[in-house]
Trainee: 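Have a look at the structure that comes next, please.
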Protein chains: 2
Amino acid sequence: MRRLMIKPELCKVDTALGIIVGKWKPTILLHLLVEDTLRFNALKRKIPDITQRMLTKQLRELEEEGLVSRTVYPVVPPKVEYTITPYGKKLEPILHAMHEWGKAHIERKSQPSTEE
Amino acid sequence: MRRLMIKPELCKVDTALGIIVGKWKPTILLHLLVEDTLRFNALKRKIPDITQRMLTKQLRELEEEGLVSRTVYPVVPPKVEYTITPYGKKLEPILHAMHEWGKAHIERKSQPSTEE
DNA sequence: CAGTATCCTAGCGGATACTG
DNA sequence: CAGTATCCGCTAGGATACTG
């Protein structure tokens, strides 16, 4: 048993959630955690269902929070690369933990026999 | 450096997020992690800004996912207790990690000098 | 005490078309 | 290639009033 216990009223979980929540944000972050750097269209190809508008929006928001950095190369045709920042990488353990929990949750639902 | 790396397309982060996201869900969970069991109105007093409607809704959703259990005592006036399940307790490390990350994020924003 | 029942709205996310 | 610009529907969440 750990002894932590956050004071619920001072809790910053919502702060963290406010930043990683977004229909495509976790997916984008995961891709950038794997590839480190990706061009706009490369990212778009990896997330087939996303629209250009949404990809742009979610990337801008991630950029604004410092999780992702955007590099524009002044060439034609345009070339823009998105990279996960060292700071963004700090989310990895959390994303991983959530992934594991999510997996367990799905398994749990499929087998009602499981107790707890 | 850890070697995990989730396949983004098979990722269950969204599953987890789908369950803990909700304006008041983290707060409710945190309170129940501290107190273990609380009556409806006790919870309401601890979360002054929540409306009855919202408290009921969020609790029902947490209950449906098995994170919280609801016990009705057939007395008048009514007495209903909400308890965090052992399963719900498994979220604690994740909530704690998010809290820490959120705190760091706030500090980071207040001091632009910090690198990464 | 522990809820429902109604009504309402902000904003997230989608569809589609256009552009430097 | 990497975006904007519009338009639009849905639903999470809030305000308020009522009840067994």
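Letters go in sequence order (proteins before strands), and every chain restarts at 1.
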Trainee: Can you name the closest pair of heavy atoms from Thr85(B) and Gly66(B) and give their distance?
Mentor: OG1-O, 2.7 Å
Trainee: End-to-end bend of the helix from dC1(C)-dG20(D) to dG20(C)-dC1(D) (five-pair axes, 10° rounding)?
Mentor: 50°
Trainee: Any residue in residues 77-84 of chain A with a heavy atom nearer than 4.0 angstrom to DNA chain C? Just list them by number, or reply none.
Mentor: Pro78(A)
Trainee: Lys12(B): what forms a salt bridge (Lys or Arg N to Asp or Glu O under 4.0 Å) with it, not counting sequence neighbours?
Mentor: none
Trainee: Of all nucleotides in DNA chain D with an atom under 4.0 Å from a non-hydrogen atom of chain B, which is the first and which the last going 5' to 3'?
Mentor: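 Boundary nucleotides touching chain B, in 5' to 3' order, are dG13(D) to dG20(D).
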Trainee: Using side-chain heavy atoms (C-beta onward) and a distance below 4.5 Å, is Lys57(B) in contact with Glu61(B)?
Mentor: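 Heavy-atom side-chain distance check passes, below 4.5 Å.
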Trainee: Can you label the angle between the Trp101(A) ring and the Tyr87(B) ring as parallel, tilted or perpendicular, going by 30° and 60°?
Mentor: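 Geometry flag for Tyr87(B) against Trp101(A): parallel rings.
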Trainee: Where along residues 18-34 of chain A does a heavy atom fall under 4.0 Å from DNA chain C?
Mentor: Gly22(A), Lys23(A), Trp24(A)
Trainee: Is it possible for you to say whether Val72(B) and Leu38(B) belong to one hydrophobic cluster, with membership spreading through side-chain heavy-atom contacts below 4.5 Å?
Mentor: yes
Trainee: Got a second to check how far Thr83(A)'s OG1 is from Glu63(A)'s CD, nearest 0.5 Å?
Mentor: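 Separation between the atoms: 10.5 Å.
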Trainee: Assess the residue pair Leu95(B) and Leu33(B) against the criterion (side-chain contact (heavy atoms from CB on, under 4.5 Å)); give the C-alpha distance rounded to whole Å, side-chain angles, the decisive distance to 0.1 Å, and a yes or no.
Mentor: CA-CA 10 Å; Leu95(B) 293 176; Leu33(B) 279 167; 3.9 Å; yes
Trainee: With rounding to the nearest 0.5 angstrom, report the CD1 to NE2 distance, Ile84(B) to His31(B).
Mentor: 12.0 Å
Trainee: Is the side chain of Glu81(B) donor-acceptor paired with the backbone N or O of Thr71(B) at a distance under 3.5 Å, no angle test?
Mentor: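 No.
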Trainee: Between the side chains of Lys46(B) and Glu9(A), is the shortest nitrogen-to-carboxylate-oxygen separation below 4.0 Å, so that they form an ion pair?
Mentor: no
Trainee: Do you know which two heavy atoms are closest between Met98(B) and Ile20(A), and how far apart they sit?
Mentor: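 Reported closest heavy-atom pair: SD-CD1, 4.3 Å.
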Trainee: Which residues in residues 48-72 of chain B have at least one heavy atom lying under 4.0 Å from any atom of DNA chain D?
Mentor: Thr51(B), Arg53(B), Met54(B), Gln58(B)
